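A short write-up of the structure that comes next.
Model, not experiment: these values are computed from the prediction.
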Amino acid sequence: MRASAVDKEASDQLLGLPSPAPHAPLPRDTEETIKEATRPLTDIPDALGRSHVQKSLSNNLLEMIAWDLMETLTAENEYNQHIRRFLNILLGDDPDTAHMELIDVYNVQEAAHRDQLVQLVQESLSRSDEFLYRISKSRDKVTFAIEQRRQLKRRMQKANDDQIEHR
């Protein structure tokens with residue numbers, strides 16, 4: 001690791017590139033931004049006036065995540081329904097295909113293959129159900145966070161309006 005740093009320095013010197021300062025000071029506007037973001041809050045209008053607070057209260061990233069999770073849920077649910085239908089067909093429980101003899105149950109080899117296939121399909125269905133559960137729980141938590149943010153924004157705005165009225 002150290003050798004690559006030495007190689008880089010040597011190649012920079014050969015190319016005539018300036019070597020960077022080891023710990024260059026931050027630009028003045030960056031220092032001011034850091035000071036502004038880390039100074040203590042004095043009141044609600046002060047909090048609402050900060051750009052990072054405004055950005056976090058108005059950012060729609062959570063809504064986009066909730067939408068994507070809903071699309072994922074819809075797609076996985078559709079896939080899950082196909083797996084369930086296939087399993088019902090394999091087990092002979094599907095009313096549309098019950099009259100058809102898809103597998104000769106008296107042929108031991110075909111029956112063994114069917115049993116293996118049923119087991120694989122059941123495992124796939126189980127995984128799909130677990131995935132649906134986890135995505136659903138994740139979406140619930142994201143929508144809860146969205147609602148919490150809305151309530152916080154509403155309360156902060158109301159408190160701000162009340163402070164303005166009392167001045």
Side-chain angles (χ1 to χ4, degrees), residues 1-2 4-5 8 12 17-98 116-167:
M1 184 123 179
R2 176 75 181 131
S4 65
K8 179 164 177 21
D12 286 349
L17 297 173
S19 60
H23 297 287
L26 293 172
R28 183 128 183 95
D29 59 334
T30 303
E31 286 181 18
E32 291 172 8
T33 303
I34 291 172
K35 285 179 184 176
E36 173 66 22
T38 57
R39 74 176 165 80
L41 295 173
T42 56
D43 55 7
I44 291 174
D46 179 36
L48 290 174
R50 294 188 183 189
S51 62
H52 62 279
V53 173
Q54 291 173 353
K55 186 185 285 186
S56 64
L57 289 175
S58 62
N59 190 340
N60 66 346
L61 181 62
L62 287 175
E63 284 83 356
M64 291 176 4
I65 291 171
W67 181 265
D68 286 346
L69 288 172
M70 189 57 167
E71 287 180 343
T72 303
L73 271 171
T74 303
E76 185 64 25
N77 191 43
E78 186 176 322
Y79 173 72
N80 190 292
Q81 294 305 315
H82 291 300
I83 296 172
R84 287 185 190 285
R85 175 100 197 283
F86 183 53
L87 183 60
N88 284 338
I89 290 169
L90 283 175
L91 295 174
D93 295 339
D94 185 51
D96 295 335
T97 60
Q116 286 176 340
L117 184 58
V118 165
Q119 183 180 0
L120 290 172
V121 172
Q122 286 174 334
E123 289 173 8
S124 179
L125 184 60
S126 175
R127 288 186 186 112
S128 179
D129 287 340
E130 179 67 19
F131 183 67
L132 281 170
Y133 173 78
R134 290 177 187 256
I135 293 295
S136 178
K137 286 296 183 187
S138 297
R139 186 174 188 282
D140 290 346
K141 290 179 182 185
V142 169
T143 54
F144 180 75
I146 291 169
E147 185 54 36
Q148 291 292 308
R149 185 184 63 198
R150 282 187 193 133
Q151 288 179 7
L152 176 65
K153 188 176 180 180
R154 222 177 298 129
R155 287 179 184 170
M156 286 180 76
Q157 192 61 46
K158 184 179 181 319
N160 185 37
D161 294 345
D162 291 345
Q163 279 186 351
I164 290 172
E165 286 178 10
H166 293 308
R167 287 183 182 174

Reported OH-to-CG distance for the pair Tyr133 and Leu73, which is rounded to 0.5 angstrom = 13.0 Å

request  = Would you confirm whether Thr74, through its side chain, and Met70, through its main-chain N or O, come within 3.5 Å as a donor-acceptor pair?
outcome  = yes

inquiry  = For Glu78, is the CD atom crowded, meaning more than 12 foreign heavy atoms sit under 6.0 Å from it?
reply    = no

ask   = Mind checking what makes salt bridge (Lys or Arg N to Asp or Glu O under 4.0 Å) contact with Asp129, not counting sequence neighbours?
value = Arg84

query = With Gln116, which residues qualify under side-chain hydrogen bond (donor to acceptor under 3.5 Å, both in side chains), at least two apart?
reply = none

query = Is the shortest heavy-atom distance from the side chain of Gln151 to the side chain of Glu147 under 4.5 Å?
reply = yes

key: Contacts of type side-chain hydrogen bond (donor to acceptor under 3.5 Å, both in side chains), residue Glu76, not counting sequence neighbours   = Ser128

request  = Please list, chain by chain and in numerical order, all residues satisfying salt bridge (Lys or Arg N to Asp or Glu O under 4.0 Å) with Arg85, sequence neighbours excluded.
outcome  = Asp94, Asp96

Side-chain atoms of residues 136-144: list all donor-acceptor pairs with protein atoms under 3.5 Å, sequence neighbours left out, distances to 0.1 Å.
from   : atom 1 : to     : atom 2 : distance (Å)
Ser138 : OG     : Arg134 : O      : 2.9
Arg139 : NE     : Ala66  : O      : 3.2
Thr143 : OG1    : Arg139 : O      : 3.1
Thr143 : OG1    : Asp140 : O      : 2.9

ask   = Mind checking what makes salt bridge (Lys or Arg N to Asp or Glu O under 4.0 Å) contact with Lys153, not counting sequence neighbours?
value = none

query = What's the spacing between Glu130 CD and Leu125 CG if we round to 0.5 Å?
reply = 12.0 Å

task = Check side-chain hydrogen bond (donor to acceptor under 3.5 Å, both in side chains) between Gln157 and all other residues, then give those that pass, not counting sequence neighbours.
result = Asp161

query = Is there a donor-acceptor pair under 3.5 Å between the side chain of Thr72 and the backbone N or O of Asp68?
reply = yes

key: Atom pair NZ (Lys35) and OG1 (Thr30), whose distance is rounded to the nearest 0.5 Å   = 12.0 Å

query = To the nearest 0.5 Å, how far apart are CG in Leu62 and CG in Leu69?
reply = 10.5 Å

message = Run the side chain to side chain contact (heavy atoms under 4.5 Å, CB included) test against Leu152 and tell me which residues pass, sequence neighbours left out.
response = Leu57, Met156

ask   = Residues in side chain to side chain contact (heavy atoms under 4.5 Å, CB included) with Gln119, at least two apart?
value = Glu123

ask   = Pairs in or reaching into residues 53-64: which pass side-chain hydrogen bond (donor to acceptor under 3.5 Å, both in side chains), with residues at least two apart or in two chains?
value = Glu63-Arg149

inquiry  = With rounding to the nearest 0.5 angstrom, report the CG to OH distance, Leu132 to Tyr79.
reply    = 11.0 Å

